[in-house]
2 protein chains.
Amino acid sequence: MTKTITKGAVGLPLNQIMAGDCIEIMRSLPADSVDLIFADPPYNLQLRGDLHRPDNSKVDAVDDHWDQFDSFKVYDKFTKDWLSAARRLLKPGGAIWVIGSYHNVFRMGAELQNQGFWILNDVVWRKSNPMPNFRGKRFTNAHETLIWASKSEGGKYTFNYEALKALNDGVQMRSDWVIPLCTGHERLKDGNGDKAHPTQKPEALLHRVLVGTTNPGDVVLDPFFGTGTTGAVAKMLGRDFIGIEREPSYRDAAEARIAKIRRFDREALETSTSKRAEPRVPFGQVVERGMLRPGEELYSIGNRYKAKVRADGTLIGNDVKGSIHQVGAHLEGAPSCNGWTYWHFKRDGKLVPIDILRQQIRAEMDETRPH
Amino acid sequence: MTKTITKGAVGLPLNQIMAGDCIEIMRSLPADSVDLIFADPPYNLQLRGDLHRPDNSKVDAVDDHWDQFDSFKVYDKFTKDWLSAARRLLKPGGAIWVIGSYHNVFRMGAELQNQGFWILNDVVWRKSNPMPNFRGKRFTNAHETLIWASKSEGGKYTFNYEALKALNDGVQMRSDWVIPLCTGHERLKDGNGDKAHPTQKPEALLHRVLVGTTNPGDVVLDPFFGTGTTGAVAKMLGRDFIGIEREPSYRDAAEARIAKIRRFDREALETSTSKRAEPRVPFGQVVERGMLRPGEELYSIGNRYKAKVRADGTLIGNDVKGSIHQVGAHLEGAPSCNGWTYWHFKRDGKLVPIDILRQQIRAEMDETRPH
DNA sequence: GAATTATATGAATCCGATC
DNA sequence: GGATCGGATTCATATAATT
């Protein structure tokens, strides 16, 4: 299923893992081409030998002790570079997720804001089975922090509110997610039976991220691909991915892992949508079709007010003329009003919301539309 | 109980609220003199227009002048200044707590690290009853973040591991704390019945902070004192406080509030250093939430014995200290005892089993739902 | 008085298509 | 591109009002 979309002169390598430094590679990809970025960068400079100083000299392993201020400076430069390269790739309506711990997440969050990303939420991954603090010197480090941000203020980011609400048993999804660590069968092992990657993320985490903030067919980029959790879940969910990873052993593990994944079928990928996605029906159509007649009276939700339907699909009530919404808002002294649920008509002596008339029209529209 | 400790040439004004700008005032206080700082600075919310609930009622926004900053640059300068003034005041073994939301916490965290504070944990306050996201455009903002940091790397900070474990019913305290918002009787009102402060913090939060990271007699400074939650809990727990607040109306409310507080007696303040058993709802939460107060007396099922509640959720009765279960078992000469049904408190002259308090907490938490 | 129902509210960066 | 306006959107808890 590997494919390449060309955009301008440069190709976008989909469903592949690119080998090399993510900053260089991201700079070589076309701008404004990616829907979502998920990034799980290295947390701590001192404990890893795979980072570079600004002059590109390699940082030695743990025994290379330098003070924390130099360390932060180098980490900030690294963060600044990969975040700006990432931002360039995002479509105007694109968004980014980053994940980190208290060692690095504050620096990432501040840099996100500095670069003009617009933070939408910080989300807490609450681990149901964290490693205890063995020495009893601090609180059990039982969570990690994710930051979700749009490319810029006012960006038209994707948020599948209804799908997430459904995932959460019908209650609005909160900013704290209880998800177990990645263990058991899901945890990839190398040839020796050791874990293939030290910080493999659970698929449940990516599932929630991708269902919630992308649509099928979207392009998801992960610049710190590791063993490919982002790619695996993207494939299952019918999203295209681009992975970037420097370590050959991680790439190999990810490649083998993703090859085994099957995409869910089309029906399974359809998620709950909100009313906002449904076609708009002007109230005038209700009158045009004779479902309500000019001169007929409508009654407010508490039956306190009446208004009369006019031939052009406006109402008149208490000497105020306007749309079903405007007249409702005026009578209630409210800033706004959904006229469809506010107004009722009489049928067999009972009050029925006019919204059922809109539903009838929508049902008819469905019949005429190809499925 | 107002007192002044002199240290060198300068006095340390204990258990008072100082009027004015916290940066200037902190600069005038003696260095290396404070054990703990708790800081709840303005969040820089950057709110735009009005927000209405689906029922059209208007959300009472935090639009106070003190939360207005022109830019991140201005906010960063403010953060840098108050944090450096605060750091100077801390004893070498001192520590700081800051609290914030995604609007400001990343900038505070980065600056803490820049100044040489050593982050010990980030802690998530998971709100059991947050305000929903009314427009369905983001995740419910259901938490705030606290950062706990020592004055510098290697600082000999205070951490009452066993007391916190006891508060958590024998299980190591985690970095995510479920605590309700400050509402009801605890929420201070002004003369008109409006809230006295827009962002009053729950006492349960400060209880956990102060029991966990200070000792009786320690000096706790709060540079953004507001209506004095830090001072109120410090007084209860036998810690000395220093408050700094600019707004006269907040100072007045705090003054009146703290005057009414009684310090728990000495016995109640001694916290446990032994291990506990492990049912599900920690009795410590009953104490933290103020459902029972340290020093309050409990009565055995036949009203033959009495015991006193201590600040860490243990009891003392007949010179025996321990969990509600342990003390009950000891008094009855039994191998075990269910403290929840054994112990009763007095309400309206009647004896009520403490188990109903556990039921209240369970109802609030209702953590059986997947998040 | 007890039980039930209605109302109020909390640190919030909360709309988007069409004209 | 700014203005207009249709119309979609909420959870837990405390307290007041009602039955």
Side-chain angles (χ1 to χ4, degrees), chain A residues 93 113 117-122 149-150 153-154 156-157 159 161-162 165 168-175 273-284 313 322-329 334-343 355 358, chain B residues 40-64 66-69 72 99-105 125 127-145 180-187 193-195 197-202 226 360 363-366 369:
Chain A
Q113 293 178 312
F117 285 98
W118 194 246
I119 298 183
L120 299 164
N121 278 112
D122 59 336
S150 59
E153 185 178 359
K156 305 291 177 213
Y157 58 92
F159 185 59
Y161 177 76
E162 293 293 342
K165 189 171 174 178
N168 198 33
D169 229 14
V171 182
Q172 185 173 93
M173 186 71 81
R174 299 167 39 119
S175 60
T273 54
S274 73
K275 287 187 196 165
R276 273 188 276 255
E278 293 185 52
R280 196 158 126 188
V281 177
F283 178 69
S323 70
I324 54 174
H325 317 292
Q326 288 170 329
V327 175
S336 70
C337 171
N338 185 341
W340 290 106
T341 51
Y342 181 75
W343 292 109
D355 198 44
R358 179 170 65 163
Chain B
D40 180 15
Y43 287 9
N44 187 23
L45 286 188
Q46 310 163 70
L47 302 178
R48 304 285 194 255
D50 288 342
L51 179 65
H52 293 87
R53 298 184 180 80
D55 66 2
N56 271 323
S57 63
K58 192 176 162 197
V59 173
D60 185 16
V62 179
D63 53 4
D64 306 74
W66 49 254
D67 198 42
Q68 309 299 323
F69 295 84
F72 281 132
I99 180 168
S101 66
Y102 65 82
H103 309 84
N104 70 325
V105 78
W125 168 25
K127 303 176 184 182
S128 54
N129 52 345
M131 184 161 71
N133 185 290
F134 296 116
R135 302 300 292 266
K137 304 307 292 181
R138 303 183 179 188
F139 299 95
T140 310
N141 209 337
H143 74 276
E144 292 184 26
T145 302
L181 294 173
C182 178
T183 59
H185 290 303
E186 191 186 318
R187 189 83 192 218
D194 299 323
K195 53 193 177 192
H197 191 283
T199 69
Q200 186 183 337
K201 295 292 174 290
Q360 280 178 31
E364 284 174 29
M365 295 175 69
D366 191 28
R369 206 170 38 210

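The structure presented is a predicted model; accordingly, all values stated were derived computationally and were not measured. A, B, ... follow the sequence lines: proteins, then strands. Residue 1 opens every chain.
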The test is side-chain contact (heavy atoms from CB on, under 4.5 Å); show your working for F134(B) and D55(B) and say whether it passes. CA-CA 10 Å; F134(B) 296 116; D55(B) 66 2; over 6 Å; no
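- Between H185(B) and dT15(D), a side-chain N or O to OP1/OP2 separation shorter than 4.0 Å is present.
- When the C1' atom is compared between dT10(D) and dT7(C), the two are found 15 Å apart, to the nearest whole Å.
- dT5(C): glycosidic angle beyond 90° from 0, hence anti.
- Going from atom CD1 of I99(B) over to atom P of dA11(C) covers 10 Å, rounded to whole Å.
- To the nearest whole angstrom, the two P atoms, one in dC14(C) and one in dA12(D), are 23 Å apart.
- Separating the C1' atom of dA12(C) from that of dT9(D) is a span of 14 Å, rounded to the nearest Å.
- Rounding to whole angstrom units, CZ of residue R48(B) and P of dT13(C) are separated by 12 Å.
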Please lay out, stage by stage, how D122(A) and H143(B) fare under the test side-chain contact (heavy atoms from CB on, under 4.5 Å). CA-CA 9 Å; D122(A) 59 336; H143(B) 74 276; 3.0 Å; yes
Under the criterion salt bridge (charged side-chain N to carboxylate O under 4.0 Å, His left out), I'd like the reasoning laid out for R358(A) against E278(A): C-alpha separation, chi angles, the key distance, then a yes or no. CA-CA 11 Å; R358(A) 179 170 65 163; E278(A) 293 185 52; over 6 Å; no
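- Proximity of Y161(A) to the phosphate of dT10(D): a side-chain N or O atom is located under 4.0 Å from OP1 or OP2.
- N338(A) places its CG atom 11 Å from the P atom of dG6(D), with the value rounded to the nearest Å.
- When each of dA12(C), dT13(D), dA11(C) is scored by its nearest atom to the side-chain atoms of Y43(B), the top-ranked nucleotide is dA11(C).
- Atom name C1', nucleotides dG1(C) and dT18(D): the rounded distance is 13 Å, in whole Å.
- Distances from the side chain of Q172(A) to the nucleotides dA11(C), dC11(D), dT9(D) place dC11(D) closest.
- One can find a donor-acceptor pair under 3.5 Å joining the base of dA8(D) and the side-chain atoms of S336(A).
- Residue N133(B) places no side-chain N or O under 4.0 Å from the OP1 or OP2 atom of dC14(C).
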N/O contacts under 3.5 Å, protein versus nucleotides 6-10 of chain C?
residue	atom	partner	partner atom	Å
dG10(C)	OP2	K195(B)	NZ	2.6
dG10(C)	O5'	K195(B)	NZ	3.2
dG10(C)	N7	R53(B)	NH2	2.6
dG10(C)	O6	R53(B)	NE	3.1
dG10(C)	N2	N129(B)	O	3.4
dG10(C)	N2	P130(B)	O	3.0

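- H325(A) has no side-chain polar atom (N or O) that falls below the 4.0 Å cut-off from OP1 or OP2 of dG6(D).
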If a pair means Watson-Crick or G-U wobble with both distances below 3.5 Å, what does DNA chain C look like in dot-bracket form, with | marking bases paired to a different strand? .|||||||||....|||||
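- Listed pair S274(A) / dA8(D) fails the phosphate criterion, with no side-chain N or O lying under 4.0 Å from OP1 or OP2.
- Between M173(A) atom CE and dC11(D) atom P there is a gap of 12 Å when expressed in whole angstrom units.
- When the P atom is used for both dA8(D) and dT13(C), the distance is 23 Å, rounded to whole Å.
- For I324(A) and dC5(D), the CD1 to C1' distance is 12 Å, given to the nearest whole Å.
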Short N/O separations, protein against nucleotides 15-19 of chain C, under 3.5 angstrom:
residue	atom	partner	partner atom	Å
dC15(C)	OP2	R135(B)	NH1	3.4
dC15(C)	O4'	R135(B)	NH2	3.4
dC15(C)	O3'	K137(B)	NZ	3.2
dG16(C)	OP1	K137(B)	NZ	2.8

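- Rounded to the nearest 0.5 angstrom, N104(B) CG and Q46(B) CD are separated by 9.5 Å.
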Apply the test side-chain contact (heavy atoms from CB on, under 4.5 Å) to residues Y43(B) and I99(B): give CA-CA distance (whole Å), side-chain angles for both, the deciding distance (0.1 Å), then the verdict. CA-CA 9 Å; Y43(B) 287 9; I99(B) 180 168; 3.5 Å; yes
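- Comparing dT13(C), dA12(D), dT9(D) by their closest approach to the side chain of P54(B) singles out dT9(D).
- Taking atom CZ on F139(B) and atom C1' on dT9(D), their separation rounds to 16 Å, with Å as the unit.
- Here the side chain of D50(B) pairs no donor or acceptor atom with the backbone of K58(B) at under 3.5 angstrom.
- Between K275(A) and E162(A) there is no salt bridge, since no side-chain N of the basic residue sits under 4.0 Å from a carboxylate O of the acidic one.
- A side-chain donor-acceptor contact under 3.5 Å links H103(B) and S101(B).
- Proximity of N104(B) to the phosphate of dT13(C): no side-chain N or O atom is located under 4.0 Å from OP1 or OP2.
- In this pair, W340(A) and F283(A) present their aromatic rings perpendicular. The plane angle is above 60°, beyond the 30 to 60° band.
- Distance check on atom C1': dG16(C) versus dG1(D) gives 15 Å, rounded to whole Å.
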